[in-house]
Protein chains: 2
Amino acid sequence: MIPSQSAKITALRIGAMNFDVSDTMLNSFRTNVQHIPANKFLLQDGEDGGKIIVVIDGWLSTSKTSLHGEVQLIDFVLTGDVADPTAADGKTAGLDVEAVTDALVCIIPLTIWHTMLAASPKLARANEHVQAAERARLSERMLRLGRGSAESRIAYALIELSLRLRPLGLLENVSFHLPLTQRHIGDFTGLTAVHVCRTLRRFVRNGVVETADHMDIRINDLKALSEIAGVEPARLAAEITPVPD
Amino acid sequence: MIPSQSAKITALRIGAMNFDVSDTMLNSFRTNVQHIPANKFLLQDGEDGGKIIVVIDGWLSTSKTSLHGEVQLIDFVLTGDVADPTAADGKTAGLDVEAVTDALVCIIPLTIWHTMLAASPKLARANEHVQAAERARLSERMLRLGRGSAESRIAYALIELSLRLRPLGLLENVSFHLPLTQRHIGDFTGLTAVHVCRTLRRFVRNGVVETADHMDIRINDLKALSEIAGVEPARLAAEITPVPD
DNA sequence: CGCCGATTTGAGTTCAGTCAATTTTGGTGG
DNA sequence: CCACCAAAATTGACTGAACTCAAATCGGCG
């Protein structure tokens, strides 16, 4: 999970597609690999942006912090995802980007990124899919932030994350591990950690999910959980998961 | 405001940039102009997507509807904005797109749109800025949906909309018109129309804003309103408003 | 003029937040 | 291995902001 500082990579995933990084056009993927320790910020809101971050391994989060210090996670950024924190001015970052776990990333200046996209239609298409998936996720989550109950928000989060982990090979049948605290889930769903706890316990009590040590989740009754989340898992997967070309 | 069905346009705005549509590369802008009456859906969640919508004039909204029929507005799409409802599968729409007012739009198939972007770096850059602005707005709003009070959400919405109307010449000093009902604002902020009413009344009582007939808004005390919204207007404008090149 | 939707206001309810105490967990150093 | 500490999780009691239900008024339009 924690490769050495300047790790050598040969193949790299963007969305559902794999790229051979020996291609000179994609050189930047090889020469800009960085290892980031857990809980470290890669970038903070208002700082100099103008670069994108491709995740090779690990979990990142994007977030915003209110003036009173409350945090809202905007998205989790997983293997094959591309975080673009750039605001409308094209220069500053409009988001915090933080490593949730130890992570391996490529950080690429926007100018170079644009060159790469222009040179590789396949990369451009993969990037399109990744962006579309992110937009779809944000919309789904905004719907629940604005209109959903605590149960619905958390149920949705569990389903979304399980669907995203599946193509990464991190979903075993109906079980998966979340490298998150209840506070993370609260910041993700707009709830307090206390209420996340209560709600998860209720799910467990009702037999909808099971939990083992530190966020090993097992969905026991996907039908019930989907009902609570207000979601059809198959349709959702198609909308938020990048597909191979 | 309501040009004829197949209006002739010569110049067109994307973000903060203007384009001469006589350029053959941008032909599609001229040949795909449509007038859409208020309250009509251009596209619904799950339908065939694969096209983008450029707004020439008027207000559109993008939204999601829960299985129980509750609506969450995701964004307003104004002159110079580009709505891309495409989900991760690249085919279906992940959003509803609806005309809030009578509107004039270009609807362009994704394949053609990509050709246009590849052919015109200026257009591609303008599109980048527009997308970045939208992402920044969504993040700001997610922060308030998840963590903000009703007052904060509505104050933020008023400031965001005033900032977006300014470059369109629709902000007069500190006054502007919103072609919205309180229900729209509720769907936008994740509140009930009743509570929007109460909160707006409180703002008026406290002298923060004034309202005249049907949503003519006047911000009397921007300092106080910004405080409530938890926002620095100048910084926000830079992050959510596309800038000229 | 009458109708329907939007707005306004009041009264009561409820879901999630706050505050607080306790237990569990994981990591660290002796 | 064990003692200790800090962070995370759990649970209870209470509070409060936003929701629901309901009624009255306003406004535009056929």
Side-chain angles (χ1 to χ4, degrees), chain A residues 2 37-39 66 68-73 100-102 144-158 177-206 209-217 228 230, chain B residues 37-39 66 68-73 100-102 143-158 177-206 209-217 228 230:
Chain A
I2 310 172
N39 302 315
S66 76
H68 309 305
E70 296 142 311
V71 174
Q72 176 68 46
L73 293 195
V100 175
T101 66
D102 287 341
R144 274 138 196 109
L145 281 177
R147 298 303 189 183
S149 64
E151 288 202 348
S152 151
R153 295 185 202 184
I154 292 179
Y156 173 81
L158 293 178
H177 174 74
L178 298 182
L180 307 173
T181 64
Q182 294 182 349
R183 162 186 280 274
H184 281 122
I185 299 179
D187 289 343
F188 189 51
T189 54
L191 301 166
T192 57
V194 170
H195 204 64
V196 170
C197 179
R198 283 187 220 286
T199 307
L200 273 177
R201 286 305 108 220
R202 196 177 321 143
F203 284 170
V204 171
R205 250 197 330 274
N206 297 344
V209 306
E210 268 175 60
T211 65
D213 44 28
H214 220 283
M215 291 287 147
D216 281 345
I217 309 281
I228 297 169
Chain B
N39 302 314
S66 78
H68 308 305
E70 296 144 311
V71 174
Q72 177 67 46
L73 293 195
V100 175
T101 66
D102 287 342
L143 172 60
R144 273 138 197 109
L145 280 178
R147 298 304 190 182
S149 63
E151 289 203 347
S152 152
R153 295 185 201 184
I154 293 180
Y156 173 82
L158 293 178
H177 175 73
L178 298 182
L180 306 173
T181 64
Q182 293 182 350
R183 161 186 281 275
H184 281 122
I185 298 179
D187 290 343
F188 189 50
T189 54
L191 301 166
T192 58
V194 170
H195 205 64
V196 169
C197 179
R198 283 187 220 286
T199 307
L200 274 177
R201 284 308 107 221
R202 197 177 321 143
F203 284 170
V204 171
R205 245 192 340 270
N206 297 345
V209 305
E210 268 176 60
T211 64
D213 44 29
H214 220 283
M215 291 288 147
D216 281 345
I217 309 283
I228 297 169

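Proteins come first, then strands; the chains are lettered A, B, ... in the order of their sequence lines, and each starts at number 1.
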| note | So CZ of B/Arg144 and OG of B/Ser152: to nearest 0.5 Å the spacing works out to 5.5 Å
| query | Rounded to the nearest 0.5 Å, how far does CG of B/Leu158 lie from OG1 of B/Thr189? | reply | 9.5 Å
| Interatomic distance, A/Ile154 CD1 vs C/dG17 C1' [rounded to whole Å] | 14 Å
| request: Assess whether one donor atom and one acceptor atom, taken from the side chain of A/Arg198 and the base of D/dG12, lie less than 3.5 Å apart. | output: yes
| request: Send over the distance from A/Ile185 CD1 to D/dA9 C1', rounded to a whole Å. | output: 12 Å
| query | So which one's nearest nucleotide on DNA chain C is more toward 5', A/Asp213 or A/Gly148? | reply | A/Gly148
| Integer-rounded Å distance: C/dC15 C1' and A/Glu151 CD | 11 Å
| message | Rounded to whole Å, how long is the line connecting atom CG of B/Leu191 with atom P of C/dT7? | response | 14 Å
| field | Selected nucleotide, minimal atom distance to B/Val194 side chain, candidates D/dT10, C/dG17, D/dA22 | value | D/dA22
| task | May I ask you to evaluate whether A/Gln182 reaches the phosphate of D/dT10, defined as a side-chain N or O under 4.0 Å from OP1 or OP2? | result | yes
| request: Report the C-alpha separation of A/Phe188 and A/Arg153 in whole Å, then their side-chain angles, then the decisive distance to 0.1 Å, and conclude whether the side chain to side chain contact (heavy atoms under 4.5 Å, CB included) test is met. | output: CA-CA 9 Å; A/Phe188 189 51; A/Arg153 295 185 202 184; over 6 Å; no
| Rounded to the nearest 0.5 Å, how far apart are CG of A/Asp187 and CD of A/Glu70? | 10.0 Å
| request: Select from A/Arg147 and A/Thr181 the residue whose nearest nucleotide in DNA chain D is closer to the 5' end of that strand. | output: A/Thr181
| Whole angstrom value for the distance that separates P of C/dT9 from CG of B/Leu200 | 11 Å
| When you measure from the side chain of B/Thr192, which nucleotide among D/dA22, D/dC19, D/dT11 comes out closest? | D/dC19
| request: Find the distance A/Met215:CE to D/dA7:P and express it as a whole number of Å. | output: 18 Å
| query | How far apart are the closest heavy atoms of B/Gln182 and B/Cys197, and which atoms are they? | reply | OE1-CB, 3.2 Å
| Nearest-neighbour nucleotide for the B/His214 side chain, C/dT18, C/dG26, C/dT7 considered | C/dT7
| remark: Among C/dT7, C/dA16, D/dT11, the one nearest any side-chain atom of A/Cys197 is D/dT11
| said: Given C/dC19, C/dA16, D/dA18, identify the nucleotide with an atom nearest to the side chain of A/Ala150. | reply: C/dA16
| query | Taking CZ from A/Arg183 and P from C/dG17, how many angstroms apart are they, rounded to a whole number? | reply | 13 Å
| Atom-to-atom span, NE2 of A/His184 to P of D/dA9 - whole angstrom | 10 Å
| message | Any base atoms under 4.0 Å from B/Gly190, or only sugar-phosphate, or nothing? Heavy atoms, all strands. | response | sugar-phosphate
